There are 2 protein chains.
Amino acid sequence: MRGKGNKRVTSVEVAAAAGVSQATVARTFSSPHKVADTSRAKVHEAASALGYVPNAIARSLKSQRTNIVGAVVPARGEYWQHLIAEISQQLAEQGSQMLLFTFAKPSEVASVVQSLRQYRVDGVLLASSFIDHDSIVDVAGLGIPAVAFNHPEALDVTASVSVDNVAGAAALADHLIETDHQTVAFVGGDPDTGSDRLRYRGASNRLREHGIVCPYIPAGGFDYDSGYAIAESLLRHFGGGDGLPDALMIAGDELAFGVMDGLSKLGVSVPNDVSVTGFDGLPQASWAGFDLTTLVQPAEELIREALGQLTSTPSTIESHTTVPGFVRVGQSTRRQACAEEGKA
Amino acid sequence: MRGKGNKRVTSVEVAAAAGVSQATVARTFSSPHKVADTSRAKVHEAASALGYVPNAIARSLKSQRTNIVGAVVPARGEYWQHLIAEISQQLAEQGSQMLLFTFAKPSEVASVVQSLRQYRVDGVLLASSFIDHDSIVDVAGLGIPAVAFNHPEALDVTASVSVDNVAGAAALADHLIETDHQTVAFVGGDPDTGSDRLRYRGASNRLREHGIVCPYIPAGGFDYDSGYAIAESLLRHFGGGDGLPDALMIAGDELAFGVMDGLSKLGVSVPNDVSVTGFDGLPQASWAGFDLTTLVQPAEELIREALGQLTSTPSTIESHTTVPGFVRVGQSTRRQACAEEGKA
DNA sequence: GGAGCGTATGCATACGTTGTCATCAGGTCA
DNA sequence: TGACCTGATGACAACGTATGCATACGCTCC
């Protein structure tokens, strides 16, 4: 296949070996159709003999395109980890790579943005509600295409792509109403995030239309532990298992897992004593142990849309795209009467 | 903070604005200690006025260092997703970034390696047992530092860092023995992977020393669904719930989750009817719903070691490092008699 | 006070590619 | 046969930074 492949091989050396000019070697790899078949063959032969691979760094310097997309995501959270692989896969399909930036605390975002600027990425995917508005503005001012992923509040300064949080939460509420749940409470992750607020709004508005008042209960985070911890508070707040509402709508799947496990540990049965819904549609929601009724975010479609925004937008139009999710019905919510009737 | 930050600003323009040479601007950002305080101040002032950020692409071209580490990881699998964030965080600490390459099928690795070569990354982290040997050899021949992560078989061509699979499995076996389990079976993920084989070897050897013969049962994958599906086969194989061994050692945590849920669905109680151990130490293993007895891989330490190999190795020494894990005792294995005695 | 030395800076070049421009071969058409 | 076009190729100048080399400056020490 290739020689020792040890030393740095440049297009100049390949050109010499192939008996053509350096420019022809370059063209062979960047725009092959401009090179005669015979030359192309010679170049490829010489290239593989020498173990030549075009230098993307030099290419990027000259062409001002890196074929790299930067992704800024939180270090923790099942949801984000779930997305990263999908992003990477889709980028690979279109011949790009993904430079990953994670942050544990929102305060780290600023330094991350610095790195991003240095690397002259073609675009930036800001994936989190936890990125503060200032940082978004910072990125928007960079002059590179940016799209906020599931960050509905950023729509004034940058493009954004989100699942339809309001409609999704409403759809979940509809499901609860159809299955005859009379009292519902909403367990939020972090009221400072747009996703949280929109989901609560979608749920509570729809429920109110049906005469159900839905209180908001903050869990203090979207993580499993927050959910596990809030379970006890819930019981206390509602005055024991009997006082619980018919259903708990939880702002995120991971949080819901925690709540379910927490309730279970306290002797509360899901869905017999209380129904639980999530939001995200993580793979784990389908695991038999949880089998969570949740709103599935169509990850593939969301990301495809976001990447489309990155590559197409002339960095001037700020569009706000919303993608509908769909309800996955699991065993975490009880059905009205007979088992086969719950279909909407 | 900065001006309009729209146009491309180069060190030359900053130099002009600051009244120094381009070289001084460059030095201000790459080796500040070589620049006088007064000049540095002038440069910084001019830089932030113009919104200048050093161009990492150009820097890389000249310096032959990209400060980018490539990571090749499978697209699916809770374990890998769990590691990605940690890798990224540690790289950020040392001022590097992570170029992420995911692959869904082993056949995709070849093209990934091509991309890697183009980008002249400083090092490569090969994170998977699923990467075939040929690809490893390919990467090893690239002349860039590479380290195989949890791929014990690659030790002849490249450095590698792994948890001590044999000792870890043996430690789990010890725990089972101490808690008076008499019959044990091992559920493997994929016998073609080194991790799987080493874990089985560690477990079965230790068990044999205590007169226990441990059969190997292949699940066909390390994923949740494989585990869930194998549960029924297990029951059939052992002739129903009563025929089950005292304990099942599962090759990986995610697989174990599937087995536990599968068994539960079939009316088998863990740990009353059968104890279950995992391997990996995923965060989810600590979730109350599973509370899995497992071998925790010290992710932070493993990655620190791997990255150390990348940056320090002069790409000649191929060292094989093994890091010990530790047993996490959960509720998925029953304890002998009193609850407080199970400590090793 | 001059030799010697260390520090700060400027100049010029190189990193490996892309893209523009000019050139040249070969074929068509009048 | 000469003018014209098309397609392939080569020469050359960027892209924005790092760095070796030379120089100028400010010291100390004899």
Side-chain angles (χ1 to χ4, degrees), chain A residues 5 7-44 46-47 50-68 95 115 117-122 143-144, chain B residues 5 7-44 46-47 50-68 95 115 117-122 143-144:
Chain A
K7 285 290 174 189
R8 303 243 165 257
V9 184
T10 75
S11 57
V12 177
E13 302 169 47
V14 175
V20 298
S21 76
Q22 178 270 335
T24 299
V25 176
R27 275 189 280 257
T28 303
F29 289 95
S30 61
S31 37
H33 61 100
K34 289 184 170 182
V35 177
D37 293 349
T38 60
S39 303
R40 209 182 321 162
K42 282 191 298 184
V43 170
H44 275 133
L50 294 170
Y52 168 75
V53 172
N55 186 324
I57 302 295
R59 187 213 314 283
S60 299
L61 179 61
K62 181 61 184 161
S63 67
Q64 307 286 32
R65 287 200 84 240
T66 51
N67 280 334
I68 292 179
S115 302
R117 299 191 66 185
Q118 295 201 178
Y119 280 100
R120 302 296 197 267
V121 293
D122 291 343
I144 57 181
Chain B
K7 285 289 176 190
R8 304 243 165 259
V9 183
T10 74
S11 57
V12 178
E13 302 171 47
V14 175
V20 298
S21 74
Q22 177 271 333
T24 299
V25 175
R27 277 188 276 256
T28 301
F29 289 95
S30 62
S31 37
H33 61 99
K34 288 185 170 182
V35 177
D37 294 348
T38 61
S39 305
R40 212 182 321 163
K42 283 190 295 184
V43 169
H44 275 132
L50 295 170
Y52 169 75
V53 173
N55 186 323
I57 301 296
R59 189 216 311 283
S60 299
L61 180 61
K62 181 62 182 161
S63 67
Q64 307 287 31
R65 288 200 83 241
T66 52
N67 281 333
I68 291 178
S115 301
R117 299 191 65 187
Q118 295 201 183
Y119 279 99
R120 303 292 197 269
V121 293
D122 291 343
I144 57 181

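We name chains A, B, ... by the order of the sequence lines, and we start the count at 1 in each one. A quick note: this is a predicted structure, and the numbers were derived from the prediction, not measured.
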Nearest-angstrom distance from the residue atom [atom1] of [X] to [atom2] of [N]:
| X | N | atom1 | atom2 | result |
| --- | --- | --- | --- | --- |
| A:H33 | D:dG7 | NE2 | C1' | 12 Å |
| A:E13 | C:dT17 | CD | C1' | 14 Å |
| B:K42 | C:dT9 | NZ | P | 8 Å |
| A:K34 | D:dT6 | NZ | C1' | 14 Å |
| A:R65 | D:dC15 | CZ | C1' | 16 Å |
| B:I57 | D:dA18 | CD1 | P | 12 Å |
| B:N67 | D:dA18 | CG | P | 11 Å |
| A:Y52 | C:dG16 | OH | P | 10 Å |

For residues [X] and [Y], report the shortest heavy-atom separation together with the two atoms involved.
| X | Y | value |
| --- | --- | --- |
| A:E13 | A:L50 | O-CD1, 3.9 Å |
| A:T28 | A:P32 | O-CG, 3.5 Å |
| B:A58 | A:L61 | CB-CD1, 3.7 Å |

With nearest nucleotides of DNA chain C determined for B:A58 and A:R27 from heavy-atom distances, which residue corresponds to the more 5′ nucleotide?
-> B:A58

Can you check whether [X] has a side-chain N or O nearer than 4.0 Å to OP1 or OP2 of [N]?
| X | N | answer |
| --- | --- | --- |
| B:S30 | D:dT17 | no |
| A:S21 | D:dA11 | no |
| B:Y119 | C:dG16 | no |
| B:Q64 | D:dA18 | no |

Side chain of [X] only, please: which of [options] is the nearest?
| X | options | answer |
| --- | --- | --- |
| B:Q22 | C:dG16, D:dT17, C:dC11 | D:dT17 |
| A:S63 | C:dG16, C:dT17, C:dG19 | C:dG19 |
| B:T24 | D:dG16, C:dT9, D:dT9 | C:dT9 |
| A:L61 | D:dG16, C:dC11, C:dT17 | D:dG16 |
| A:N55 | C:dT17, C:dA8, D:dT9 | C:dT17 |

First of A:A36 and B:R59 reached from the 5' end of DNA chain D, by closest nucleotide | A:A36

Taking for each residue the nucleotide of DNA chain D bearing the nearest heavy atom, is the 5' side occupied by A:V20 or by B:T10?
-> A:V20

Could you check whether any side-chain N or O of [X] sits under 3.5 Å from a backbone N or O of [Y], counting only pairs where one atom can act as donor and the other as acceptor?
| X | Y | result |
| --- | --- | --- |
| A:T66 | A:S60 | no |
| A:D122 | A:R65 | no |
| A:T24 | A:V20 | no |

Just to be sure I understand the rule, does [X] reach a base, reach only the sugar-phosphate, or reach nothing, if contact means heavy atoms closer than 4.0 Å?
| X | answer |
| --- | --- |
| B:A23 | base |
| B:V25 | nothing |
| A:A26 | base |

Distance-only donor-acceptor test (3.5 Å): side chain A:K62, base D:dA14 = yes

Decide yes or no, distance alone: a donor-acceptor N/O pair under 3.5 angstrom between the base of C:dG16 and the side-chain of B:R120.
-> no

